[in-house]
Protein chains: 2
Amino acid sequence: MKRILSLLMLICGTALGQGLADSRPATSNVMGAQYPRIHADLRATFRLKAPDAQKVQVDVGGAKYEMTKDAEGYWTATSAPLVPGFHYYFLIIDGVTVSDPASETYFGYGKQASGIEVPEAGVDFYQPKNVPHGEVRERWYQSKITGAWRRCLVYTPPGYDTQTKLRYPVLYLQHGAGENERGWNNQGRVSFILDNLLAEGKAKPMLIVMDHGYATKPGEGAAAPAPRPAGQFASTTFEEVIINELIPLIDATYRTLPDREQRAMAGLSMGGMQTIQITLRNLDKFAYIGGFSGAAGGMSNAPFDPKTAYGGAFSDAAAFNKKVRLLWLGVGTKESERIYTSLKTFHETLEKAGIKHIYYESPGTAHEWQTWRRSLAEFAPRLFNH
Amino acid sequence: MKRILSLLMLICGTALGQGLADSRPATSNVMGAQYPRIHADLRATFRLKAPDAQKVQVDVGGAKYEMTKDAEGYWTATSAPLVPGFHYYFLIIDGVTVSDPASETYFGYGKQASGIEVPEAGVDFYQPKNVPHGEVRERWYQSKITGAWRRCLVYTPPGYDTQTKLRYPVLYLQHGAGENERGWNNQGRVSFILDNLLAEGKAKPMLIVMDHGYATKPGEGAAAPAPRPAGQFASTTFEEVIINELIPLIDATYRTLPDREQRAMAGLSMGGMQTIQITLRNLDKFAYIGGFSGAAGGMSNAPFDPKTAYGGAFSDAAAFNKKVRLLWLGVGTKESERIYTSLKTFHETLEKAGIKHIYYESPGTAHEWQTWRRSLAEFAPRLFNH
């Protein structure tokens with residue numbers, strides 16, 4: 001066996017060449033896949049066997065790279081250094097955008113996309129560690145509002161099963177457009193982030209409920225939220241599901257503290273917009289609010305009048321500040337100008353209006369999961385402290 | 001909105017043509033995807049936009065179909081009627097086998113594969129129904145044996161959280177080669193099968209633990225079990241993990257009945273072979289045994305001597321029959337000759353040797369999940385009845 005391994009290493013060493021000596025398979029690959037590989041300088045090398053293809057590209061980190069074919073039909077390309085964190089990526093084979101068979105899949109862009117995990121030096125807050133681990137539970141429920149089966153995922157903290165007298169606060173945590181209820185677990189690593197915060201005593205034990213962020217009534221057109229003027233609300237079917245079906249289900253099924261002071265909602269991008277809409281219209285249900293890279297209506301970066309926008313939720317700053325325990329906004333500094341300014345405008349408008357809130361910028365990250373992992377790690381410790 | 005919908009229906013109606021009027025999108029598609037579509041006669045039509053591709057095929061149900069391109073660059077093909085159940089499938093674009101972007105992905109063949117769910121008329125034992133639902137919980141654990149993090153999924157039955165004095169028997173249930181711990185939940189629909197059996201009073205409430213069926217020690221070569229002579233055991237690393245790490249973890253974490261009389265193991269294909277090996281070598285730990293389309297060593301269909309094979313586990317029929325509460329074997333009648341005869345030979349050899357067991361044939365199904373869903377639905381009611 002040792003001889004075979006040595007031989008394999010020799011073959012691989014030759015095939016990999018000097019340029020790959022500093023690289024290792026991405027942790028986001030399927031088991032055993034040697035590509036994509038991440039280099040020490042965070043470039044990534046992709047490879048696909050496609051002897052009969054005419055043209056193959058890889059689309060990663062906001063750029064498309066032409067892949068080149070060797071004599072055996074393997075196409076390879078090496079990217080520029082990638083920003084640390086999780087990136088969706090695609091292969092484009094003779095013009096068709098597909099997932100890389102070597103990658104695990106991660107639901108994004110409305111399909112099962114490839115993803116590449118680029119490590120951040122010295123950062124492990126979203127890695128599994130030798131600490132007590134909670135669970136992520138899959139729960140199906142039948143929605144009368146939509147007439148369909150829905151799935152939510154529920155993070156329960158370590159000790160939930162043994163400390164059966166304890167009741168817990170709940171964070172409702174939503175994914176972005178084109179993603180689904182699996183995003184925070186698979187891409188976001190919510191369970192490891194919380195396990196680690198809890199082990200360090202930095203967060204209160206809580207449940208985290210991640211629902212499917214789409215809801216349409218029978219006959220209603222399925223649609224992602226369309227851009228709309230700042231300060232306006234979108235259609236309310238998802239809100240109806242959350243308020244009238246999901247929260248009652250969770251409070252009936254788990255040992256929750258079924259009270260607004262023990263209930264938070266947050267979300268990323270579309271989920272942030274949904275959060276703002278749902279919480280501002282239901283402040284009797286939520287005391288903690290988080291918008292990660294999404295908060296203002298339809299991602300608009302237009303100014304709005306806090307006296308009248310969002311149904312007047314911000315019209316009385318003193319009342320709002322008394323009622324809402326936390327309004328938290330976060331954005332990555334490398335997000336698109338429109339999204340960055342939409343969060344910043346929201347923040348500045350609230351500040352001028354005297355609405356207490358926290359504004360966080362994730363250094364060097366874009367509209368991607370590293371921004372949202374960091375946001376969660378900043379947001380969660382501030383929950384349920386009153 | 002209604003006008004837009006009508007217009008869309010008109011356009012789609014035209015594009016679909018008469019031949020698709022009897023079809024509907026497969027339930028295994030990603031949300032909103034109109035293809036693949038299943039026809040009333042169980043043919044399936046696949047579609048992909050690929051204007052620049054030279055050749056596109058779809059590989060489904062054991063056959064490859066050439067797809068044909070229309071003026072707009074859409075490639076389509078319609079299969080022969082498919083056997084009911086779940087089938088992995090692939091698109092082949094200019095020679096490269098990839099997943100269909102329109103399909104959810106299901107881990108099989110060592111990668112995230114496309115899958116198509118073909119309904120079986122009048123059969124709903126694996127569909128979600130309006131009955132109490134259990135949960136499937138994701139649990140990570142650090143293996144000292146492999147030096148790696150592992151994930152298992154744990155089905156807990158309805159009532160587990162509320163009936164906190166009750167303790168439960170445990171079924172360890174394994175996937176096949178190229179699949180992983182998600183298979184029984186995603187492809188197999190284990191939670192719906194158990195929820196439905198429990199609602200009908202046909203099974204005992206139990207936990208079901210689905211582990212990652214691969215384990216290698218640091219430095220040990222990663223390999224699927226190689227074919228080996230009937231009656232011989234394979235390498236034992238996975239067995240060590242199950243016996244020395246997983247069972248103790250599960251018994252320490254959940255309210256189990258930690259006793260051989262309350263512990264079962266079953267698996268499909270490779271998982272069936274692992275089950276036979278692990279249970280026969282550890283009859284002090286297991287009283288119930290199930291092999292679904294996999295039981296004999298390395299799927300060999302060679303006869304074996306029950307006096308000496310499998311470490312002599314079958315050498316004393318009376319002792320075996322007293323000790324083992326259930327030995328259950330299942331196979332699909334449309335499986336490959338080699339697999340079908342391997343199960344049948346195993347069954348006949350045991351019968352001649354006086355080893356009590358149950359042998360089940362799933363009518364008309366191949367080495368696929370419909371065989372294993374049926375097997376589980378036949379097997380689970382026979383568990384923990386002593």
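Chain letters run A, B, ... following the sequence lines, proteins first, then strands; residues in each count from 1. Keep in mind the model is a prediction, meaning the values are calculated, not measured.
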Check: Relative to each other, are the rings of B/Phe192 and A/Trp149 parallel, tilted or perpendicular (30° and 60° limits)?
Finding: tilted
Checklist line | Those residues of residues 150-163 of chain A, ordered by number, that approach chain B below 4.5 Å (heavy atom to heavy atom) | finding: A/Tyr160, A/Asp161
Notebook entry, point to check: Who pairs with A/Ala53 by side chain to side chain contact (heavy atoms under 4.5 Å, CB included), at least two apart in sequence or on another chain?
Noted result: A/Ala50, A/Val56, A/Trp75, A/Ile93, A/Asp94
Note to self: Checking A/Tyr74 now: which residues fulfil side chain to side chain donor-acceptor pair (under 3.5 Å) with it, not counting sequence neighbours?
What the structure shows: none
Next item on the list: Flag yes if more than 12 heavy atoms outside A/Tyr109 fall under 6.0 Å of its OH atom; otherwise flag no.
Entry: no
Item checked: Short side-chain donor-acceptor distance under 3.5 Å, A/Thr105 and B/Thr105 -> yes
Notebook entry, point to check: Once you round to the nearest 0.5 Å, how far does NZ of A/Lys111 lie from OG of B/Ser99?
Noted result: 12.0 Å
Checklist line | Largest heavy-atom contact set with chain B, pairs under 4.5 Å, which of A/Gly95, A/Pro101, A/Gly110, A/Pro128 | finding: A/Pro128
Next item on the list: Report the C-alpha distance between A/Val136 and B/Arg137 in whole Å, list the side-chain angles of each, state the deciding distance to 0.1 Å, and finish with yes or no for side chain to side chain contact (heavy atoms under 4.5 Å, CB included).
Entry: CA-CA 6 Å; A/Val136 174; B/Arg137 306 174 176 199; over 6 Å; no
Next item on the list: Write down the atom of A/Asn185, the atom of B/Glu138, and the distance for their closest heavy-atom approach.
Entry: ND2-OE1, 3.2 Å
Check: Looking at A/Lys49, A/Gln54, A/Arg182, which makes the most heavy-atom pairs under 4.5 Å with chain B?
Finding: A/Arg182
Notebook entry, point to check: When you look at NZ of B/Lys55, are more than 12 heavy atoms from neighbouring residues, nucleotides or ligands closer to it than 6.0 Å?
Noted result: no
Note to self: Working note: A/Glu104 + B/Gln112, criterion side chain to side chain donor-acceptor pair (under 3.5 Å); need CA distance, chi angles, decisive distance, verdict.
What the structure shows: CA-CA 6 Å; A/Glu104 269 294 340; B/Gln112 288 287 4; 2.6 Å; yes
Checklist line | Least distance between heavy atoms, A/His212 atom then B/Met31 atom | finding: CE1-SD, 3.8 Å
Check: Are the side chains of A/Val30 and B/Phe107 in touch, meaning some heavy atoms are under 4.5 Å apart?
Finding: yes
Notebook entry, point to check: Got a sec: does the CZ of B/Arg24 have more than 12 other heavy atoms crowding it under 6.0 Å?
Noted result: no
Next item on the list: Step through the shown structure and confirm whether more than 12 heavy atoms of other residues, nucleotides or ligands are within 6.0 Å of NZ on A/Lys64.
Entry: no
Item checked: Per-residue contact mode, B/Leu91 against chain A (heavy atom under 4.5 angstrom) -> neither
Item checked: Residues which pass side chain to side chain donor-acceptor pair (under 3.5 Å) with A/Ser103, listed by chain and number, not counting sequence neighbours -> none
Notebook entry, point to check: Got more than 12 heavy atoms from elsewhere within 6.0 Å of CZ, B/Phe125?
Noted result: yes
